Number of protein chains: 2
Amino acid sequence: MTDDARSPQLLRAVMALRAKLLAGEFPPGERVAELTLAPLLGVSRTPLRLALGVLEHEGLLRTLPGGGFVVRDFTLADLRDAIELRGILEGSAARFAAERWSNPRSFNRLVSAVAAMDALYAADSFDFAAYVTENERFHAALLDLAQSPMLSRALAQATALPFASPSAFVWAQSEIDKRNHILLIAQDQHRLILEAVQNREGTRAEALAREHARLALRNLEAALKNRTAMDAVPGSALIRTDSEDDDHALRA
Amino acid sequence: MTDDARSPQLLRAVMALRAKLLAGEFPPGERVAELTLAPLLGVSRTPLRLALGVLEHEGLLRTLPGGGFVVRDFTLADLRDAIELRGILEGSAARFAAERWSNPRSFNRLVSAVAAMDALYAADSFDFAAYVTENERFHAALLDLAQSPMLSRALAQATALPFASPSAFVWAQSEIDKRNHILLIAQDQHRLILEAVQNREGTRAEALAREHARLALRNLEAALKNRTAMDAVPGSALIRTDSEDDDHALRA
DNA sequence: AGCAGAGTTAATGCATGCAATATAGCGAAA
DNA sequence: TTTCGCTATATTGCATGCATTAACTCTGCT
């Protein structure tokens with residue numbers, strides 16, 4: 001995301017630290033010290049410092065007033081906002097795609113992603129991994145059709161938070177929705193978005209894509225009642241559930 | 001933005017380099033080398049490296065595949081997209097504000113900003129600097145009422161580009177619109193947004209705020225015909241005007 | 001003359017040492 | 001007992017030296 005292969009140490013530090021954060025190895029709110037992290041990640045302090053900056057941009061860390069970083073914690077309100085924000089941006093991408101798309105080849109990528117997901121539903125056993133891949137292809141194709149680098153940047157930042165990604169709750173769905181009703185609805189929305197884009201119905205495409213993102217909200221509410229489903233959500237360890245989602249719990 | 005006073009060298013490097021970039025001291029597309037920049041900014045390479053990362057995140061620089069950074073150039077299509085994106089996000093902020101606002105004191109900040117701008121219009125000579133201040137207060141109050149940290153982050157990133165800020169074209173207006181017709185329209189929109197938020201008309205507030213941002217688009221089109229007006233736009237030195245017919249927008 | 005390869009140069013990436021500062025702990029005084 | 005201040009420690013911030021690698025050039029060969 002930041003550098004390709006030219007910064008092995010930086011890349012290593014970012015990936016390793018991100019994995020540890022998402023795994024919940026560091027409690028939210030705790031200060032992460034460079035000197036303790038450096039040996040853990042096997043890198044020196046210089047690339048580690050850069051990695052901390054990257055993770056801060058992604059939103060997983062926050063800077064302290066006095067310097068240094070703490071693991072950020074997220075409330076349920078943050079999750080809902082992140083999902084809604086993704087819906088806003090993907091809705092705009094859908095609108096732009098409807099208004100602007102011109103290249104039939106790019107459009108065909110959207111069609112083929114929908115067709116591929118249709119084929120997955122026809123199969124006997126549902127292949128979740130393949131679905132996630134095709135789902136991301138769909139969203140990528142939509143963003144490509146929008147032809148808006150600025151929007152791409154904003155969406156990339158918004159979906160950098162793990163639980164805000166388009167397929168964040170797909171794995172949870174396998175737990176809470178055995179019959180895959182929600183996935184059927186999602187696929188129907190994919191088809192409708194495709195149709196709206198094809199017909200250049202910008203407003204309709206935007207509304208559909210916004211509502212499509214809100215499926216993740218429904219999954220979130222359902223997953224909250226099911227611990228094993230919630231554990232399947234990436235980054236769930238950073239969600240503050242102990243002292244309620246509402247503000248200041250009196251720390252005794 | 002990144003650190004407060006704990007990183008004097010980093011802060012110095014970010015501000016100095018940003019100023020030089022916006023002033024057009026480095027031609028867009030040119031590689032910025034650390035070793036040449038370090039003595040120019042009076043900082044060492046370590047904080048300079050961090051500063052380059054910050055400016056990259058802001059969008060003023062791009063990383064090269066082989067490492068290093070280049071000054072980013074912007075097409076007119078990029079400007080239009082950036083303004084439209086700001087409209088999308090501020091529209092959402094207005095909708096959230098309408099749907100969620102509860103604290104009368106925060107709401108009053110919105111009211112007072114509008115009133116202050118009204119007062120500025122009543123004066124004999126129009127105080128542009130004061131207008132910019134109050135305009136930013138209006139937008140800040142709206143964002144505050146939205147109560148969405150995620151949206152705030154996204155908007156902060158979107159408006160980090162200088163020409164995408166809410167008051168980027170106000171100075172240009174003093175050149176191209178001596179009678180301030182556009183500012184009168186802008187102020188009317190401020191009032192309407194305030195009214196919609198007060199009445200909890202979310203959809204209306206969103207549409208109004210989107211259209212409000214598009215005033216900047218109109219100013220952009222007007223400023224393009226007036227060189228001195230365009231020079232008043234911050235960061236105009238980074239806009240690619242030589243090869244004209246902005247690439248992918250009209251590419252069909 | 002053009003292309004390829006090797007050598008050289010210059011820029012980035014990384015590591016470590018040093019200095020400045022915030023924090024925590026302890027003690028003394030009110 | 002509480003609070004203020006001092007000290008000690010630990011952590012961040014910065015600078016510089018070194019290694020690696022990419023780019024450029026020059027030369028020799030086809």
Side-chain angles (χ1 to χ4, degrees), chain A residues 1-18 20-21 25-72 250-252, chain B residues 1-21 25-72:
Chain A
M1 180 182 177
T2 299
D3 285 71
D4 349 30
R6 178 59 186 278
S7 314
Q9 305 306 310
L10 169 58
L11 198 63
R12 173 209 204 81
V14 169
M15 295 186 66
L17 182 53
R18 189 194 290 137
K20 283 182 185 299
L21 285 171
E25 291 192 26
F26 303 99
E30 189 182 87
R31 178 176 197 151
V32 287
E34 298 179 0
L35 287 171
T36 67
L37 241 60
L40 257 76
L41 305 178
V43 298
S44 177
R45 283 183 55 216
T46 302
L48 175 58
R49 168 76 59 97
L50 295 172
L52 290 169
V54 171
L55 274 309
E56 184 213 353
H57 290 145
E58 287 187 11
L60 267 54
L61 297 176
R62 282 187 93 91
T63 61
L64 289 173
F69 298 85
V70 292
V71 182
R72 176 156 176 200
L250 297 175
R251 295 287 180 184
Chain B
M1 182 180 176
T2 299
D3 286 68
D4 355 24
R6 178 62 184 278
S7 314
Q9 305 307 309
L10 169 58
L11 198 63
R12 172 207 203 83
V14 169
M15 296 186 65
L17 182 51
R18 189 194 290 137
K20 283 183 185 299
L21 285 171
E25 291 192 27
F26 304 99
E30 189 181 86
R31 178 176 197 150
V32 287
E34 298 180 1
L35 287 172
T36 67
L37 241 59
L40 256 76
L41 305 178
V43 298
S44 176
R45 286 182 53 218
T46 302
L48 176 57
R49 169 76 60 95
L50 295 172
L52 290 170
V54 172
L55 273 310
E56 182 213 356
H57 177 242
E58 286 186 12
L60 267 54
L61 296 177
R62 283 186 90 93
T63 61
L64 289 173
F69 298 86
V70 293
V71 182
R72 177 156 175 199

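Here is how names work: the chains are called A, B, and so on, in the same order as the sequence lines, proteins then strands, and each is numbered from 1. Fair warning: this is a prediction, and the values are worked out from it, not measured in the lab.
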Q) With sequence neighbours left out, what residues match Leu21(A) under side-chain contact (heavy atoms from CB on, under 4.5 Å)? A) Leu17(A), Phe26(A), Leu55(A), Leu60(A), Leu61(A), Val71(A)
Q. What residues form a salt bridge (Lys or Arg N to Asp or Glu O under 4.0 Å) with Glu30(A), not counting sequence neighbours?
A. none
Q | 5' priority, DNA chain D, between Glu34(A) and Ser44(B) [closest heavy atom] | A | Glu34(A)
Q) How far does CD of Glu58(B) sit from CD of Glu56(B), to the nearest 0.5 angstrom? A) 11.0 Å
Q. Which letters describe nucleotides 17-22 of chain C, given B = protein heavy atom under 4.0 Å from base, S = only from sugar-phosphate, - = neither?
A. B----S
(Q) Using whole Å, what does the distance between atom P of nucleotide dG13(C) and atom CG of Leu11(A) come to? (A) 12 Å
Q: Starting from P on dT16(C), measure out to CD on Gln9(A) and report it in whole angstrom.
A: 11 Å
Q) When the distance from CG of Leu64(B) to P of dT12(C) is rounded to whole Å, what number comes out? A) 9 Å
Q: Please report the shortest heavy-atom distance between Val70(B) and Arg31(B), naming the atom on each side.
A: CG1-CA, 3.9 Å
Q) What's the shortest heavy-atom distance between Leu41(B) and Ala16(B), and which atoms? A) CD2-CB, 3.7 Å
Q.
I need the residues from residues 46-53 of chain A with at least one non-hydrogen atom less than 4.0 Å from DNA chain C; give them sorted by number, or say none.
A. Thr46(A), Pro47(A)
Q | Counterpart residues, salt bridge (Lys or Arg N to Asp or Glu O under 4.0 Å), relative to Arg45(A) (two or more places apart) | A | Glu34(A)
Q: State, yes or no, whether a side-chain contact exists between Thr46(A) and Gln9(A) at a heavy-atom distance under 4.5 Å.
A: no
(Q) Using every non-hydrogen atom in the two residues, find where Ala38(B) and Leu48(B) come nearest and quote the distance to one decimal. (A) N-CD2, 3.7 Å
Q: Could you check how far CG of Leu35(B) sits from C1' of dC18(D), rounded to whole Å?
A: 13 Å
